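To start, the structure under review is shown below, and the notes come after it.
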Number of protein chains: 2
Amino acid sequence: MAQLVAETIAGSLRERIERGDWGDGTRLPPERELAEAYGVARNTIRRALNLLGESTQITRVVGRGTFVEPTARGSLTDLSDVLARIAGSSPADMMEIRQLLEPTAAAFAATNASAAELLRVAEAHRLAEAATDLADFEHWDAEFHHRVFACSRNELLREIHNILRLVRNQVPWLEMKRRAFSEDRRRHYCQEHQALIDALGRRDPEGARSAMLAHLRSVESNLFERGPRD
Amino acid sequence: MAQLVAETIAGSLRERIERGDWGDGTRLPPERELAEAYGVARNTIRRALNLLGESTQITRVVGRGTFVEPTARGSLTDLSDVLARIAGSSPADMMEIRQLLEPTAAAFAATNASAAELLRVAEAHRLAEAATDLADFEHWDAEFHHRVFACSRNELLREIHNILRLVRNQVPWLEMKRRAFSEDRRRHYCQEHQALIDALGRRDPEGARSAMLAHLRSVESNLFERGPRD
DNA sequence: GTTTCCTGATCCAATCCTATACCAATTAAC
DNA sequence: GTTAATTGGTATAGGATTGGATCAGGAAAC
């Protein structure tokens with residue numbers, strides 16, 4: 001994944017900081033020294049440090065040097081706290097958020113997607129339809145939803161969905177989905193997906209929005225009501 | 001079935017991508033290299049890549065290379081990658097998401113908040129009003145918005161906002177907000193905050209929703225239009 | 001004859017790395 | 001206090017790599 005020399009070096013430096021080679025508040029070697037150590041030009045080191053500064057907290061002071069911020073680990077743990085809480089959030093909250101985000105993503109997609117992207121959405125739908133077991137269906141169903149986000153042309157929206165998707169791949173969720181699954185329901189979902197694809201093909205934002213909303217409501221009621229075989 | 005050479009090559013490349021020869025986000029060999037490897041002219045490789053681009057997500061950047069889009073394969077991307085992409089997302093995307101999430105959070109808050117929570121929202125508003133410098137105002141403004149999320153009674157929604165808040169605390173955002181700031185605008189924001197608090201106090205979800213939306217629209221136009229002193 | 005497809009070649013534009021020089025702020029030596 | 005060395009910040013130039021675009025020519029299909 002590291003195509004750029006600067007990216008590689010940034011990764012190496014980050015690792016060394018996190019490993020504790022340079023502790024909180026200590027000074028990193030001067031740029032000129034790092035350049036020689038890594039065998040690259042100083043420009044490249046500066047670029048690596050700029051990249052590093054985007055994610056890790058470092059402070060650079062003219063005449064003094066580059067320092068590891070004491071808060072660097074703090075904000076990281078902040079973030080991991082956030083993620084832990086996200087992972088532990090309730091299915092009801094999740095479905096509420098999905099009903100908030102996904103219809104809008106579908107509406108955006110109807111307006112913004114290229115024909116090629118719509119083909120990719122349709123492809124995921126087709127594979128979900130053709131799936132022979134639950135795991136396969138789950139995979140292509142998730143992929144279908146994600147591809148809608150992918151063509152919404154809002155990168156942030158897409159990445160938020162990535163996070164939600166990670167949560168829904170946790171064990172309790174898989175269990176829950178397994179209990180709510182039936183062949184009937186699968187067919188029903190596929191029909192709803194088809195309706196969404198039709199709306200996207202018509203470039204109809206409001207149609208896509210309501211198709212997605214209807215789909216999520218049926219997912220929700222299946223998830224939270226009694227199983228199909230009581 | 002006399003396939004074009006370019007089509008055959010496109011198919012071969014597609015297969016290799018899906019098989020994982022080149023993983024998410026990695027760079028494909030340069031066109032000149034592929035041309036030699038397949039024993040064809042570079043034009044033909046370019047044609048194949050154009051065909052490939054119609055069905056698979058690849059990105060081509062002059063001077064850098066051709067890349068497999070992170071979404072091109074089904075694999076779930078690493079969480080740290082997701083966060084890096086979130087941190088790098090555009091302010092326009094951010095404002096779009098805020099206008100999607102925050103009005104709904106406000107509506108939830110109007111229904112769900114306890115009286116004590118509403119007091120905490122009002123407190124943040126009061127401190128933002130009383131702030132004497134930009135940093136202080138920024139802090140309480142952000143806190144105001146976050147406390148609205150905190151009483152929306154949807155933990156997931158609140159944590160998503162936490163992530164967005166972390167992004168908006170990055171350097172480029174701070175710069176942008178500084179440029180868009182003026183005392184006039186601060187007073188205007190505070191009036192809008194007051195309108196929101198009034199709606200929350202009336203337990204009026206739709207009023208809260210529209211008050212928040214109006215506020216975010218004015219934030220957006222201030223952020224993206226010319227500075228206050230042109 | 002015309003069209004389509006591939007080849008070969010050339011030039012352009014963007015990006016990355018190198019190399020170098022100079023500036024500005026800080027620190028240490030005197 | 002003054003000066004010199006150190007260090008990050010900035011700018012410029014050049015070479016190498018890479019995708020973008022175009023043109024001329026040959027071969028095959030119609």
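Per chain, numbering begins at 1; letters A, B, ... match sequence-line order. Just so we're clear, the structure is a prediction, and the values are computed from it rather than from any experiment.
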Could I get a table of every N or O pair under 3.5 Å where one atom is in the protein and the other is in nucleotides 19-26 of chain C?
{"unit_1": "dA19(C)", "atom_1": "N6", "unit_2": "N43(A)", "atom_2": "ND2", "d": "2.3"}

Whether over 12 other heavy atoms sit under 6.0 Å from E123(B) CD
yes
Output all residues satisfying ring-ring contact (aromatic ring centres under 6.0 Å, His included) with F67(A), sequence neighbours left out; order by chain, then residue number.
none
Counting only heavy atoms and a strict 4.0 angstrom limit, can you tell me which residues of residues 44-51 of chain A come near DNA chain D?
R46(A)
Return each pair, listed once, that meets side-chain hydrogen bond (donor to acceptor under 3.5 Å, both in side chains) where at least one residue sits in residues 103-113 of chain A; pairs must be two or more places apart or across chains.
T104(A)-R209(A)
Interatomic distance, E33(B) CD vs dA16(D) C1' [rounded to whole Å]:
14 Å
Taken to the nearest whole Å, CD/E7(A) to P/dT15(C) is 14 Å
H215(B)/H145(B) under ring-ring contact (aromatic ring centres under 6.0 Å, His included): CA gap, chis, key distance, verdict:
CA-CA 11 Å; H215(B) 173 49; H145(B) 283 264; 5.1 Å; yes
Mind calculating the distance between CG (L28(A)) and P (dG8(D)) to the nearest angstrom?
9 Å
Rounded to the nearest 0.5 Å, how far does OG of S12(B) lie from CZ of R14(B)?
12.5 Å
Verdict with reasoning, H193(B) to H188(B), per ring-ring contact (aromatic ring centres under 6.0 Å, His included):
CA-CA 9 Å; H193(B) 286 179; H188(B) 189 211; over 10 Å; no
Can you list the residues that meet the side-chain hydrogen bond (donor to acceptor under 3.5 Å, both in side chains) rule with R60(B), with sequence neighbours excluded?
E31(B), N50(B)
For F137(A), give me all partners under ring-ring contact (aromatic ring centres under 6.0 Å, His included), at least two apart in sequence or on another chain.
F181(A)
Whole-Å gap separating P (dT6(D)) and CZ (R27(A))
11 Å
